[in-house]
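Here the structure comes first, spelled out in structure tokens, and everything after it is commentary.
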Amino acid sequence: MVAAVQEELRKIAVQPNGRVPRHVAIIMDGNGRWAKERGLPRSEGHRQGTENLRRIFECAVEIGIEILTIYAFSTENWSRPPGEVQMLLRILETVIDRELTTLHKNGVQLRHIGRLEGIGSRLQRKIRQAMEMTRDNHRLIVNIAFNYGGRDEIVNAVQRIVREGIPADEVNEALLSHYMYTSDLPDPDLIIRTSGELRVSNFLIWQGAYAEYYATSTYWPDFDETELHKAVAEYGRRKRRYGKTDEQIE
Ligand code: IPE
Ligand code: IPE
Ligand code: MG
């Protein structure tokens, strides 16, 4: 009981109005520049960026975030040099190999969003196994957006709707949402982008229609617990009007 009260107070301290985003999505950008500034290879930036996830997962749980969606590899990232693409694919495999047991023990439910096709069959199998193993965990849902593109997701949804012969007048926003990768999850409340870029880069373009956006110039490997608290606190100060007036929401 005392612990629960303390936890509540801590949350309020973080968030002036106590509002915690249920679903936070992160565009983890700036690994390459982080490495370059240190005279290191890009691979080192990706390695540090991956390491960073550990503390962010824990901090997300502490704050009370329920769902974390992380952008790890976009459908556009296939255009990078083959060596870098291979490295990024390998990183996901290594994370599953090395971290799955710990993540499972820590109550993380791992999910994948994006196209599995295009990813090698061994990695596909590992992704499926990781999802299967952690499916009943509820401490934190982590969606890994890998080979993910928002437009690709919408095209995929429309293809399935057409294939299933759903009549045009039954197609509405709720139906489309149901055909998205995140069908059973609430839309992201807060979308964070690191590294100073102010663009969406094809991330959650359907689900993010009313998300609060937050950008920081910090490169992803340096985005620590304090940075996450800052983003969440900023979210707490935002007014989500959904088209209404201030008077209507007060
Ligand atoms: C983000 O870092 C990781 C991925 C896109 C996979 P970048 O690799 O994009 O880093 P910058 O933008 O070149 O600094
Ligand atoms: C977005 O970052 C994709 C991921 C973080 C996985 P990029 O670095 O690929 O985005 P652009 O190309 O600069 O927009
Ligand atoms: Mg980038």
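Count residues from 1 along the sequence. No experiment lies behind these values; they were computed from the predicted model shown. Indexing begins at 1, ligand by ligand and atom by atom, following the structure's order.
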Check your understanding: Looking only at protein heavy atoms, which one is nearest to atom 5 (C) of ligand 1, and how far off is it?
Key -> R80 NH2, 3.3 Å
Practice item. Return yes when K36 approaches ligand 1 closer than 4.0 angstrom through a heavy atom, no otherwise. Key: no
Check your understanding: For the atom pair CG (L228) and CD (E58), what is the distance rounded to the nearest 0.5 Å?
Key -> 12.0 Å
Practice item. With heavy atoms under 4.0 Å as the rule, classify the contact between A145 and ligand 2 as side chain, backbone, both or neither. Key: neither
Point to revise | Chi angles and distances behind the salt bridge (charged side-chain N to carboxylate O under 4.0 Å, His left out) call for R238, D189 | key: CA-CA 11 Å; R238 301 268 180 96; D189 300 295; over 6 Å; no
Point to revise | Contact atoms of ligand 1, heavy-atom distance to H46 under 4.0 Å | key: 3 (C), 8 (O)
Exercise for review: Distance to 0.1 Å, residue and atom name: give those for the protein heavy atom nearest to atom 10 (O) of ligand 1.
Suggested key: G32 N, 2.9 Å
Check your understanding: If you count the non-hydrogen atoms of other residues, nucleotides and ligands that lie under 6.0 Å from CZ in R160, is the total more than 12?
Key -> yes
Exercise for review: May I ask whether M28 places a heavy atom under 4.0 Å from ligand 2?
Suggested key: yes
Check your understanding: Got a protein heavy atom sitting under 4.0 Å from atom 12 (O) of ligand 2?
Key -> no
Point to revise | Closest to atom 6 (C) of ligand 1 (judged by heavy-atom distance), picking from A72, P221, S74 | key: A72
Review point. Do R38 and W34 meet the cation-pi criteria used here (NZ or CZ under 6.0 Å from the six-membered ring centre, within 45° of the axis)?
Key: yes
Practice item. Check all N, O or S atoms of D29 and name the one closest to the Mg ion (ligand 3). Key: OD1
Check your understanding: For R42, is at least one N or O under 3.5 Å away from an N or O on ligand 1?
Key -> yes
**Study point:** For ligand 2, the portion of R33 having any non-hydrogen atom under 4.0 Å away
**Key:** neither
Practice item. Give the single entry among T194, N202, I27 that approaches atom 1 (C) of ligand 2 most closely by any heavy atom. Key: I27
Check your understanding: Salt bridge check: are E225 and K230 linked by an N-O gap of less than 4.0 Å?
Key -> no
Point to revise | Proximity winner for atom 7 (P) of ligand 1, if only heavy atoms of L88, V85, D29 are counted | key: D29
Review point. Side chains of W206 and S177: do they bring a donor and an acceptor to under 3.5 Å?
Key: yes
Study note, to complete from the structure: Numbered in order shown, the ligand 2 atoms found under 4.0 Å of a heavy atom of S201 are 10 (O), 11 (P), 14 (O)
Point to revise | Interfacing atoms of ligand 2 (cut-off 4.0 Å, heavy-atom, R199) | key: 11 (P), 13 (O), 14 (O)
Revision key, fill the gap. Given the options T69, T182, D184, R111 meets side chain to side chain donor-acceptor pair (under 3.5 Å) only with D184
Check your understanding: Any idea which atoms of ligand 2 are less than 4.0 Å away from a heavy-atom of F73?
Key -> 6 (C)
Review point. With the threshold set at 4.0 Å, does a side-chain nitrogen-carboxylate oxygen contact exist between R125 and E93?
Key: no
Review point. In a check of side chain to side chain donor-acceptor pair (under 3.5 Å) between N31 and each of H46, R42, K36, which one passes?
Key: H46
Review point. Can you tell me if S195 has a non-hydrogen atom under 4.0 Å from ligand 1?
Key: no
Review point. Between the side chains of H104 and N137, does any donor sit under 3.5 Å from an acceptor?
Key: yes
Point to revise | E250 with K239: basic N within carboxylate O range, under 4.0 Å | key: yes
**Study point:** Basic-acidic side-chain contact under 4.0 Å: E153, R115
**Key:** no
Exercise for review: Name the closest protein heavy atom to atom 2 (O) of ligand 1, giving the residue it belongs to and the distance to 0.1 Å.
Suggested key: N31 N, 3.2 Å
Exercise for review: Take the angle between the ring planes of F203 and Y148 and call it parallel below 30°, perpendicular above 60°, tilted in between.
Suggested key: perpendicular
Revision key, fill the gap. min-distance protein heavy atom vs atom 9 (O) of ligand 2 -> N77 ND2, 2.9 Å
Review point. Which of the atoms in ligand 2, numbered in the order shown and given with their element, are less than 4.0 Å from a heavy-atom of R193?
Key: 2 (O), 10 (O), 11 (P), 13 (O), 14 (O)
Exercise for review: Indicate if the distance from the Mg ion (ligand 3) to the nearest N, O or S atom of E197 falls below 2.8 Å.
Suggested key: no
Practice item. Please identify which atoms of ligand 2 are closer than 4.0 Å to at least one heavy atom of Y71. Key: 3 (C), 4 (C), 5 (C), 6 (C)
